**Student:** 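Could you have a look at this structure, given as structure tokens, before my questions?
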2 protein chains.
Amino acid sequence: RRARPVREVLFFPSRPCCIEALLAEAAEPGAPARPCPCPLPSGDTALSRLVRRLLSARRSLDLCIFCFSCPQLARAVQLLHRRGVRVRLVTDAQYMGLHGSQIGRLRHAGIQVRHDQDSGYMHHKFAIVDRRMLITGSLNWTTQAIQSNRENVLVVEDAEYVKAFQEEFERIWEEYNPANYTFF
Amino acid sequence: RRARPVREVLFFPSRPCCIEALLAEAAEPGAPARPCPCPLPSGDTALSRLVRRLLSARRSLDLCIFCFSCPQLARAVQLLHRRGVRVRLVTDAQYMGLHGSQIGRLRHAGIQVRHDQDSGYMHHKFAIVDRRMLITGSLNWTTQAIQSNRENVLVVEDAEYVKAFQEEFERIWEEYNPANYTFF
């Protein structure tokens with residue numbers, strides 16, 4: 001029996017929250033919870049819901065993220081990579097080198113990253129979990145956006161929408177293949 | 001008999017295109033088409049599809065647009081306002097005064113505009129047509145984004161998603177009511 005397809009809308013700003021318990025449970029399912037010493041509540045927030053959806057990945061995570069500087073989301077992505085999930089990340093060339101960017105850290109961890117070579121921006125902010133669930137909206141993966149901006153994220157488990165975004169991802173992934181780079 | 005609900009995904013960049021015929025038909029339905037002297041093709045592009053969806057509004061258009069500087073989209077919104085559609089526009093305080101912003105022009109045309117007073121951004125980029133169709137994604141309404149960036153827009157005629165965004169719109173609309181402004 002299949003579960004009902006996920007349909008969720010998340011609005012930001014999100015109250016700051018501790019996601020240590022979520023990460024610990026994903027790293028070692030069933031392990032006894034260790035209380036986190038940080039002062040943040042670990043409630044149900046837009047951020048914790050987003051993290052939960054990402055951590056549900058079992059096989060693949062395809063990411064197209066314009067600006068990625070949120071350490072919490074980077075830890076979630078790294079954890080999936082360590083767990084054997086195939087992570088592919090596309091980002092924007094002009095933004096990946098900015099202060100606080102998590103791209104270097106993710107590359108260093110062994111995650112495949114590709115970027116554009118255009119003057120235009122790679123402005124998408126979407127994720128596809130297991131080629132099955134689409135997570136997309138206005139939200140860049142930055143702490144500023146999560147905690148301070150009005151933002152939206154749709155979570156859609158719908159074959160038609162997922163297919164369209166998966167094809168866009170594969171197009172971009174090929175187009176940004178370093179073998180095609182031009183050097184000036 | 002109700003038409004099948006709209007489900008559409010638009011990817012950008014869009015080829016530049018002429019939308020004069022679309023605007024003319026919306027301004028005066030059934031009037032004989034006058035050929036536009038501009039050199040742009042008037043084909044089927046992501047931009048022309050977006051404009052078509054907006055111009056389908058009959059009663060209301062609720063807009064939450066972080067950065068609005070595209071003259072073509074501003075003309076479409078103005079046309080709807082002239083046609084008697086109730087247009088409400090929410091935008092970002094820091095971006096509405098930038099060079100090329102269309103917000104002043106839209107206000108001048110009599111369209112109600114509200115903006116935040118926060119340091120965080122009003123970063124949504126969505127439209128709701130007739131409280132029935134949601135248009136949302138990564139796309140700011142700028143010519144640069146339309147013609148140069150990798151962007152996505154979802155068009156969704158789905159009561160559940162529309163309701164969530166309509167409620168977010170009404171929350172923001174009330175919160176940004178000028179009666180609530182604080183002056184320093």
Side-chain angles (χ1 to χ4, degrees), chain A residues 5-14 46 64-67 90-94 115-116 118-126 128 134 136-140 142-156 158-169 171-173 175-176, chain B residues 5 7-14 46 64-67 90-95 115-116 118-126 128 134 136-140 142-156 158-169 171-173 175-176:
Chain A
V6 173
R7 298 161 58 85
E8 195 172 24
V9 183
L10 307 174
F11 290 112
F12 296 79
S14 172
C64 258
I65 307 290
F66 172 53
C67 186
V90 168
T91 192
D92 183 77
Q94 281 125 300
H115 60 78
D116 65 300
D118 308 329
S119 58
Y121 289 134
M122 198 314 291
H123 199 247
H124 289 306
K125 313 103 172 33
F126 71 80
I128 307 172
L134 170 66
T136 188
S138 66
L139 183 81
N140 284 303
T142 74
T143 305
Q144 136 90 21
I146 291 166
Q147 293 185 2
S148 310
N149 291 0
R150 312 287 310 215
E151 306 271 6
N152 65 79
V153 169
L154 281 169
V155 186
V156 182
D158 176 297
E160 192 179 330
Y161 289 125
V162 170
K163 181 167 181 283
F165 279 78
Q166 190 72 55
E167 286 171 359
E168 171 74 353
F169 181 87
R171 262 193 304 274
I172 297 181
W173 187 251
E175 187 181 322
Y176 294 177
Chain B
R7 298 162 57 86
E8 194 171 24
V9 184
L10 307 175
F11 290 112
F12 295 79
S14 171
C64 258
I65 307 289
F66 172 53
C67 185
V90 168
T91 192
D92 183 76
Q94 281 126 299
Y95 271 69
H115 59 79
D116 65 301
D118 310 328
S119 58
Y121 290 133
M122 199 313 291
H123 199 247
H124 288 306
K125 313 103 174 34
F126 71 80
I128 307 172
L134 170 65
T136 188
S138 66
L139 184 81
N140 284 303
T142 74
T143 305
Q144 135 91 20
I146 291 165
Q147 292 185 1
S148 310
N149 290 0
R150 310 288 309 215
E151 306 272 6
N152 64 78
V153 169
L154 281 169
V155 186
V156 182
D158 176 298
E160 193 178 330
Y161 289 124
V162 169
K163 180 167 181 286
F165 278 78
Q166 189 73 55
E167 286 170 1
E168 171 75 352
F169 182 87
R171 262 194 303 275
I172 297 181
W173 187 251
E175 187 181 323
Y176 295 176

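Residue numbers begin at 1 in each chain, while the letters A, B, ... track the order of the sequences. Everything numeric in this text was worked out from a predicted model, so none of it was measured.
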**Student:** Indicate the atoms forming the closest heavy-atom contact of B:Arg171 with A:Phe11, along with that distance.
**Tutor:**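 Scanning both residues completely, I find the closest heavy atoms to be NH2-CD1, 3.9 Å.
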**Student:** Between A:Phe12, A:Phe165, A:Phe66, who has the most heavy-atom pairs with chain B when the cutoff is under 4.5 Å?
**Tutor:**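 Counting heavy-atom pairs under 4.5 Å, the top option is A:Phe165.
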**Student:** Non-hydrogen atoms of chain A under 4.5 Å away: do they reach the side chain of B:Asp118, the backbone, both or neither?
**Tutor:**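 No part of B:Asp118 comes within 4.5 Å of chain A.
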**Student:** Please look at B:Glu8 and chain A and tell me whether the side chain, the backbone, both or neither of the residue comes under 4.5 angstrom of a heavy atom of that chain.
**Tutor:**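 For B:Glu8, backbone heavy atoms alone lie under 4.5 Å from chain A.
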**Student:** Please step through side chain to side chain contact (heavy atoms under 4.5 Å, CB included) for the pair B:Glu168 and A:Asn152, ending with a clear verdict.
**Tutor:** CA-CA 9 Å; B:Glu168 171 75 352; A:Asn152 65 79; over 6 Å; no
**Student:** Under 4.0 Å between a Lys/Arg side-chain N and an Asp/Glu carboxylate O for A:Arg7 and B:Asp158?
**Tutor:**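 Between B:Asp158 and A:Arg7 there is a salt bridge, with a charged N closer than 4.0 Å to a carboxylate O.
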**Student:** If you compare all heavy atoms of A:His123 against all heavy atoms of B:Lys125, which two are closest, and at what distance to 0.1 Å?
**Tutor:**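 Result for this residue pair: CE1-CE, 4.5 Å.
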**Student:** A:Ala164, A:Gly120, A:Gly137, A:Ser138: which one forms the most heavy-atom pairs within less than 4.5 Å of chain B?
**Tutor:**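 Highest number of pairs under 4.5 Å: A:Ser138.
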**Student:** I'd like to know whether B:Arg150 forms a side chain to side chain contact (heavy atoms under 4.5 Å, CB included) with A:Ile172, so could you lay out the CA-CA distance, the side-chain angles of the two residues, the decisive distance to 0.1 Å, and finally the verdict.
**Tutor:** CA-CA 9 Å; B:Arg150 310 288 309 215; A:Ile172 297 181; 3.3 Å; yes
**Student:** By a 4.5 Å heavy-atom criterion (distance strictly below it), what part of B:Glu167 contacts chain A: side chain, backbone, both, or neither?
**Tutor:**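 Contact with chain A involves no heavy atom of B:Glu167 at all.
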**Student:** Given heavy-atom pairs under 4.5 angstrom as the criterion, report whether the side chain, backbone, both or neither of B:Gln144 touches chain A.
**Tutor:**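 B:Gln144 touches chain A through side-chain heavy atoms alone.
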**Student:** Looking only at non-hydrogen atoms, find the nearest pair between A:Tyr121 and B:Asn149 and report the distance.
**Tutor:**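 Residues A:Tyr121 and B:Asn149, closest heavy atoms: N-OD1, 2.8 Å.
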